Number of protein chains: 2
Amino acid sequence: MAIAELLFFAYRDFIGEPDSVLQEYGFGRAHHRVLHFVWRHPGMRVADLLDILNITKQSLARVLKQLVDDGLVLQEEGANDRRERRLHLTEKGLVLADKLSAFQRKRISRALAEAGPEGCSAVRQFLLSMVAEEDQPRVRELIEAKVAPDMWRAREVERHD
Amino acid sequence: MAIAELLFFAYRDFIGEPDSVLQEYGFGRAHHRVLHFVWRHPGMRVADLLDILNITKQSLARVLKQLVDDGLVLQEEGANDRRERRLHLTEKGLVLADKLSAFQRKRISRALAEAGPEGCSAVRQFLLSMVAEEDQPRVRELIEAKVAPDMWRAREVERHD
DNA sequence: AAATATAAGTCAACATGGCTGACATAACTG
DNA sequence: CAGTTATGTCAGCCATGTTGACTTATATTT
């Protein structure tokens with residue numbers, strides 16, 4: 001059971017540094033998650049974000065509104081479907097997202113180095129296998145794609161066939 | 001940066017199943033953490049738990065009191081220092097802790113299997129390296145010990161030399 | 001013995017970020 | 001046109017984190 005505890009401590013410290021930075025900006029962990037996913041997958045829709053974060057529309061709306069109001073996130077009408085709000089980061093948003101991510105990148109690359117060269121793929125496989133089975137294909141696609149706006153939508157359509 | 005996202009999804013689903021079970025008992029994630037650490041390290045003091053969880057005494061008190069009142073956790077006076085409350089699980093507490101842990105054990109062992117035989121130690125090393133450097137020795141001791149009441153105390157004393 | 005330090009508990013107030021339920025608006029779809 | 005979908009919003013609740021001030025019991029130091 002040591003892995004369970006390691007995972008707890010690892011995650012605790014993984015989010016610890018960004019948390020303190022966020023506090024200076026008046027944001028919290030929830031803002032970080034939104035910022036991160038919009039950063040990595042610009043053009044993402046609100047519904048995609050809801051799926052990823054596993055939270056309610058109302059919870060997301062609260063933080064998303066703040067990020068938009070504070071000029072970190074832009075919403076633009078979907079090209080095909082004008083109901084959609086495709087999400088992007090502004091320059092200001094990019095700066096913060098990158099700053100937060102820097103801490104995490106550093107920690108991860110140090111940890112990967114200490115896990116050894118073949119350890120990297122083992123870690124990757126382990127983490128993916130920890131994800132709920134039904135979400136694994138989506139997570140796989142998500143992390144492989146640099147930009148993944150419509151891919152997500154296509155998958156949604158498939159599932160309802 | 002894919003690892004950051006994998007870690008997010010892995011952790012999200014790692015705590016997902018126990019969360020639903022806890023809800024039936026009227027408990028939350030905070031209770032789970034207390035239950036887990038007291039389970040793995042019976043005889044732990046309140047101060048140790050505070051150190052591990054990185055939360056305030058008042059936050060801990062709220063959930064700990066509920067667990068004691070509901071008969072899942074026992075507090076007994078320290079043998080040497082009667083100010084201490086050494087924490088233990090009751091039979092009822094053991095049952096729930098084990099039930100919650102079962103989901104996580106299953107998920108972890110499946111994921112480790114898919115990471116391969118040498119993958120296991122790589123994962124372990126990776127997670128340990130993700131922990132804040134100053135906490136790594138303590139975490140190492142904690143996860144290696146089956147029971148770790150006074151070890152923690154000894155370390156505290158050392159540090160103030 | 002008196003002073004101080006430590007372990008734990010408590011009260012009050014507040015912030016964050018989840019939740020439910022109800023409802024509104026605009027735009028797409030059949 | 002009718003129904004569905006994507007998004008937003010209002011209102012209130014709950015869990016769990018925070019700070020600050022204070023108490024009690026016990027241990028340690030002077």
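In what follows, every chain begins at residue 1, and chains take the letters A, B, ... in the order their sequences are listed. All figures in this text were calculated on a predicted structure; none of them were measured in a lab.
Nearest heavy-atom pair, B/Leu89 versus B/Ala97, reported as atom, atom and distance to 0.1 Å: CD1-CB, 3.8 Å.
Regarding contacts with the backbone of C/dG17, a side-chain N or O of A/His31 is found under 4.0 angstrom from either OP1 or OP2. For D/dT18, neither phosphate oxygen OP1 nor OP2 lies less than 4.0 angstrom from any side-chain nitrogen or oxygen of A/Gln23. Note on A/Arg83: every side-chain N or O is 4.0 Å or more away from OP1 and OP2 of C/dA24. Remark: A/Thr56 is in phosphate contact with C/dC19, judged by side-chain N or O atoms under 4.0 Å from OP1 or OP2.
The 5' end of DNA chain C is approached more closely, in terms of each residue's nearest nucleotide, by A/Gly28 than by the other of A/Gly28 and A/Arg82.
Take B/Ile55 and apply the side-chain contact (heavy atoms from CB on, under 4.5 Å) test, not counting sequence neighbours, and it matches B/Leu53, B/Ser59, B/Leu60. Taking A/Glu133 as the reference, A/Gln136, B/Arg110 meet the side-chain contact (heavy atoms from CB on, under 4.5 Å) condition, with sequence neighbours excluded. With sequence neighbours excluded, the residues forming a side-chain contact (heavy atoms from CB on, under 4.5 Å) with A/Glu77 are A/Arg82, listed by chain and number.
One can place CG of B/Leu53 at 19 Å from P of D/dA15, the figure rounded to the nearest angstrom. The CG-C1' distance, from B/Leu49 to C/dG9, rounds to 15 Å in whole Å. If you take CG of B/Leu35 and C1' of D/dT16, they are 17 Å apart, rounded to a whole angstrom. We find that CD1 of A/Ile15 is positioned 11 Å from P of C/dG17, with the value rounded to whole Å. Taking atom CG on A/Leu60 and atom C1' on D/dG8, their separation rounds to 11 Å, with Å as the unit. In this structure, CD1 of A/Ile55 is placed 19 Å from P of D/dA15, rounded to the nearest angstrom. Rounded to a whole Å, the CG atom of A/Leu67 is 13 Å from the P atom of C/dT16. Rounded to an integer number of Å, the gap from B/Asn54 CG to D/dG17 P is 11 Å.
Note on B/Gln75: only backbone sugar-phosphate atoms sit closer than 4.0 angstrom, heavy atoms only; bases stay farther off. At the heavy-atom level, A/Asp19 lies nowhere under 4.0 Å from the strands shown.
The side chain of A/Asp81 lies closest to C/dC28, out of C/dC28, C/dA7, D/dT16. Listed candidates were D/dA6, C/dC19, C/dG9. Nearest to the side chain of A/Glu84 is D/dA6. Side chain of A/Ser59, nearest nucleotide from C/dA8, D/dT7, C/dC19: C/dC19.
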- For nucleotides 9-14 of chain D, just jot down a letter per nucleotide in 5' to 3' order: B, S or -, based on protein non-hydrogen atoms under 4.0 Å. BB----
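The aromatic rings of B/Tyr11 and B/Phe14 sit tilted, their planes meeting at an angle between 30° and 60°.
Residues A/Leu72 and A/Phe27 are in side-chain contact: their nearest non-hydrogen atoms beyond the backbone lie under 4.5 Å apart.
The pair B/Lys92-B/Asp70 fails the salt-bridge criterion, with no side-chain N (NZ, NE, NH1 or NH2) lying under 4.0 Å from an Asp/Glu carboxylate O. A salt bridge does not link A/Arg107 to A/Asp13: none of the charged nitrogens lies less than 4.0 Å from a carboxylate oxygen. Using a cut-off of 4.0 Å between Lys/Arg side-chain N and Asp/Glu carboxylate O, A/Asp81 and A/Arg45 are scored as not salt-bridged.
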List the atom pairs, donor and acceptor, that lie under 3.5 Å between side-chain atoms in residues 115-126 of chain A and the rest of the protein, sequence neighbours left out.
| unit_1 | atom_1 | unit_2 | atom_2 | d |
| --- | --- | --- | --- | --- |
| A/Ser121 | OG | A/Glu118 | O | 3.2 |
| A/Gln125 | NE2 | A/Ser129 | OG | 2.9 |

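Overall bending of the helix from C/dA1-D/dT30 to C/dG30-D/dC1, expressed as the angle between end axes built from five pairs apiece, is 30° (10° steps).
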